Amino acid sequence: MATAMPTNVPKIEKDKFKLVKKIGSGGFGAVFQMTWKSPQGDIQVAVKRLNEPDPNELNILASLDHASIVKLLGFVDEEMDFWLILELCEGGSLRSYLDEHGGLSTNLQLFVHWAEQATIPIKYLRGKQILHKDLKSPNYLITCDKKLKLADFGLAKKIEHTISNATERASYSWMAPELFTLGKLSPNYDIFALAVVIWELWTGQIPFKGLDFQVVAWKVCQLKERLPIPADMPQPIADLLRQCWDENWHKRPSIEHIISVIAALLPLATAVPVHIWQQQVLTGPWVLEKRFGSDGPGEIQQYANDVTVNPNGDIAIIDSSTKVKVFSIEGVYKCSMDTTQGLQPGQWSQPHQITTSSDGSTYFVTNNTNCVLMYSADCKFKGQWESACPQGSSITPCLCGLAIDAKDYVYVGDMKSRYIYKHKQDGPFVTSVKVDIQPCYISVTSQDTIIVGEYAQYYAKPPQIVSNTGQVLHTLKHPTDELHVQWACFGIHCYRDTLFITNMTNQKKSWTHEILFYSLSGQYLGCIPIHDARPRCLAMTANGSKLIVGGDCDGNCSIYALQK
Ligand code: ADP
């Protein structure tokens, strides 16, 4: 053959292989399981026997070395035979797995892991300027330890930065519109198909099943139809698929963004032991990534009073105005909630605290009424419900602290009566707990204990950890000045049972620039220095990799990233 053969993988003689069985076939040829009598001993391998020599697939595979890509072990190039010798993936293709077991909507853990393993090799290929061009469930293979590996580089090609001509057609149910309409490939071609694979992982279905090429082309390009997004799909994934299927390839998200959205779901799928998490946090470092909120409709007015991060990564911030502003995790303003909706005559609104449901569909807000307000993820007012608050009246401020537990019960702190009321998320009262400090800031741990912080500029009592019957289990002590410190705690956040607390002043009444953290037994664990602002409120992304800090008095918020 005229084309150069790779030098980094061995050329092997055919007689070193013994057939075990046939495992796949297609227009290209067939795939067999064989025993390779290698210098290291007998190895089970997959042999892709091509009808015609394909130096393209061979050379591309030879240039790749990634844990999530099927490894090329060697090749056979003899008179009538051109074979690719590949690492054997005993679990067969992802498509046959999905056909047999159905989609992974009931197995979030496997869904997230496989979505990640399907995505990561695309980032690697992107780095090498290679388009796979045929991403689909039959081309992902499963190893004996249930990992996904990308295979079949028969159509793969080196890409230029711009759109390029494509001679061959890919599998049309996964095809991006530019290939249908222009016969061209864009650098984001694989992103479109990858989203179809993620859709397959969730639904288990074959995309556009039973429809022929012309019908799919008509639907995708003329009618702008896309595969139906199931109602039970996690919102961040649903949004991601829509973006990946944008007709305009420029607007499809980057592979890094896709990885971050999937990674954000990992904590739902894997529970990192608390002590490991605490170690990570303690060792940091947390690095300032972005400051935002300084202008336009997303300008944060004076104080960032409270902040929450929705599971899809959106950041909602209460400032000194009646509008609760929502930003993307990149700090880009998205929309705002108007907390004056639903007010009775004579009432006014100063939003206090915000929290979000575990599925990210609802924000809950307390303002100075007796009601908890609800908003959709895109800031639409969804209604409100009155808390059991006995001493409040329609004009007396009453509710302040707000938190949600792992079962989506909403806890509301009443500053006047010092009760914390537990409600179902659509309003019905469940129970209440009496505490002995003002429950201005609350957070609920996975162990059903409640962290309570009081509001006062200088003379607040220290935050407490209380049981679900109201018994004080621990009172937090400041690490440097146990007796005299003046607590001014404005933000409490409990993440994986580590407590993050802002304490804005020290015993000399000067401002502090740190976030303190404690274990659930009240033990001080360490602090994160925050130099760019006086930290007032804080929240953490679902995967624990980003810390959002709302500044005091400077109309800004900051995103800190945990460097691993
Ligand atoms: P095609 O070019 O027809 O898509 P593939 O390389 O995808 O060829 O192989 C076709 C089928 O052969 C796969 O769907 C899979 O079932 C099987 N196969 C391919 N490579 C391997 C491998 N390394 N290990 C196990 N099975 C494989």
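Every number for a ligand or one of its atoms is a count from 1 in the order of the listing. Treat the numbers as computed from the prediction; the structure is a model and nothing was measured.
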| message | Please list the nearest protein heavy atom to atom 4 (O) of ligand 1 with its residue and the distance rounded to 0.1 Å. | response | Asp152 OD2, 2.3 Å
| request: Output the list of atoms in ligand 1 that are nearer than 4.0 Å to some heavy atom of Gly24, sorted by atom number. | output: 12 (O)
| query | If hydrogens are left out, which of Asn139, Leu72, Leu73 has an atom nearest to atom 7 (O) of ligand 1, that is, the closest non-hydrogen atom? | reply | Asn139
| request: Quick one: do Asp408 and Ser358 satisfy side-chain hydrogen bond (donor to acceptor under 3.5 Å, both in side chains)? Show the steps, please. | output: CA-CA 7 Å; Asp408 272 348; Ser358 56; 2.9 Å; yes
| message | I need the contact type for Asp134 against ligand 1. Using non-hydrogen atoms and a strict under-4.0 Å cut-off, is it side chain, backbone, both or neither? | response | neither
| request: Could you pull out, from Leu86, Leu141, Val47, the option with a heavy atom nearest to atom 22 (C) of ligand 1? | output: Leu141
| query | Starting from atom 10 (C) of ligand 1, which protein heavy atom do you reach first, and at what distance in Å? | reply | Val31 CG2, 4.0 Å
| message | Tell me which one of Ile43, Leu19, Asp42 satisfies side-chain contact (heavy atoms from CB on, under 4.5 Å) with Thr35. | response | Asp42
| said: If the cut-off is 4.0 Å to any non-hydrogen atom of Ile23, which atoms of ligand 1 fall inside it? | reply: 16 (O), 25 (C), 26 (N)
| task | Check whether the ring centres of Tyr495 and Phe500 lie less than 6.0 Å apart, and answer yes or no. | result | no
| remark: With Phe153 as partner, the option from Ile69, Asp54, Asn56 fulfilling side-chain contact (heavy atoms from CB on, under 4.5 Å) is Ile69
| Between Lys133 and Asp190, is there a salt bridge with N-O shorter than 4.0 Å? | no
| Looking only at atom types and distance, does a side-chain atom of Arg126 sit under 3.5 Å from a main-chain N or O of Pro187, one as donor and one as acceptor? | yes
| Side chain, backbone, both or neither: which part of Glu87 has a heavy atom under 4.0 Å from ligand 1? | backbone
| task | Say whether Ser25, considering both its backbone and side-chain N or O atoms, lies within less than 3.5 Å of an N or O atom on ligand 1. | result | no
| Do Phe213 and Phe180 have ring centroids that are under 6.0 Å from one another? | yes
| said: Out of all atoms in ligand 1, which are within 4.0 Å of some heavy atom of Pro138? Include the element for each. | reply: 14 (O)
